[in-house]
Amino acid sequence: IHEMYQDLAQHQDWERRLAAMQRDKEMMLNRCSTLAEQQKLQKEILALEGRLTRCRASLAKIEKDISLRERKG
């Protein structure tokens with residue numbers, strides 16, 4: 001179970017970093033001036049959204065697995 005908690009902490013760190021990257025890209029998008037820049041940033045934001053969604057799904061699974069393991073004892 002110790003390994004599961006380490007995995008959980010790692011995923012929480014990834015989630016935090018991905019969310020920060022997404023916020024940064026969105027702020028950059030609001031400040032960019034050319035269409036090419038906007039399209040590039042929108043593509044990057046979409047990719048980050050996908051990664052963040054997968055990360056959150058993994059987090060939920062890890063939390064569920066920990067909960068089940070702790071209930072079993």
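Computed from a prediction, not measured in an experiment: that's the story for all the values here.
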Next item on the list: Quick one: list whatever passes salt bridge (charged side-chain N to carboxylate O under 4.0 Å, His left out) with Arg17, sequence neighbours left out.
Entry: Asp13
Note to self: Can you give me the closest heavy-atom contact between Cys55 and His11, atom names plus distance?
What the structure shows: SG-O, 3.5 Å
Margin query: Between Thr34 and Glu37, is the side chain to side chain donor-acceptor pair (under 3.5 Å) condition met? List the steps.
Written below: CA-CA 5 Å; Thr34 69; Glu37 280 181 296; 3.2 Å; yes
Next item on the list: Please answer: with hydrophobic residues joined when any side-chain heavy atoms are less than 4.5 Å apart, are Leu52 and Trp14 in the same cluster?
Entry: no
Item checked: Backbone of Glu63 reached by a side-chain donor or acceptor of Ser67 within 3.5 Å -> no
Check: For the atom pair CZ (Arg23) and CG (Leu48), what is the distance rounded to the nearest 0.5 Å?
Finding: 11.5 Å
Check: Going through the checks in order, is the side chain to side chain contact (heavy atoms under 4.5 Å, CB included) test met by Asp7 and Glu3?
Finding: CA-CA 6 Å; Asp7 201 25; Glu3 290 174 10; over 6 Å; no
Notebook entry, point to check: Could you give the distance from CD (Gln22) to CD (Glu44), rounded to the nearest 0.5 Å?
Noted result: 12.0 Å
Note to self: Using the rule that Ile, Leu, Val, Met, Phe, Trp and Tyr join whenever any side-chain heavy atoms are under 4.5 Å apart, tell me whether Tyr5 and Leu59 fall into a single cluster.
What the structure shows: yes
Notebook entry, point to check: Same cluster or not: are Met28 and Ile45 linked, directly or through other Ile, Leu, Val, Met, Phe, Trp or Tyr residues, by side-chain heavy atoms under 4.5 angstrom apart?
Noted result: yes
Next item on the list: Kindly compute the distance separating CG (Leu18) from CZ (Arg54), expressed to the nearest 0.5 Å.
Entry: 9.0 Å
Item checked: Straight-line distance of Leu41 CG to Leu46 CG, nearest 0.5 Å -> 11.5 Å
Note to self: Arg69: which residues meet the side chain to side chain contact (heavy atoms under 4.5 Å, CB included) condition with it, sequence neighbours left out?
What the structure shows: Ile1, Met4
Notebook entry, point to check: How long is the gap from CG on Asn30 to NZ on Lys25, to the nearest 0.5 Å?
Noted result: 13.5 Å
Next item on the list: Could you go through the side chain to side chain contact (heavy atoms under 4.5 Å, CB included) check for Gln39 and Leu35 one step at a time?
Entry: CA-CA 6 Å; Gln39 290 173 336; Leu35 182 60; 3.9 Å; yes
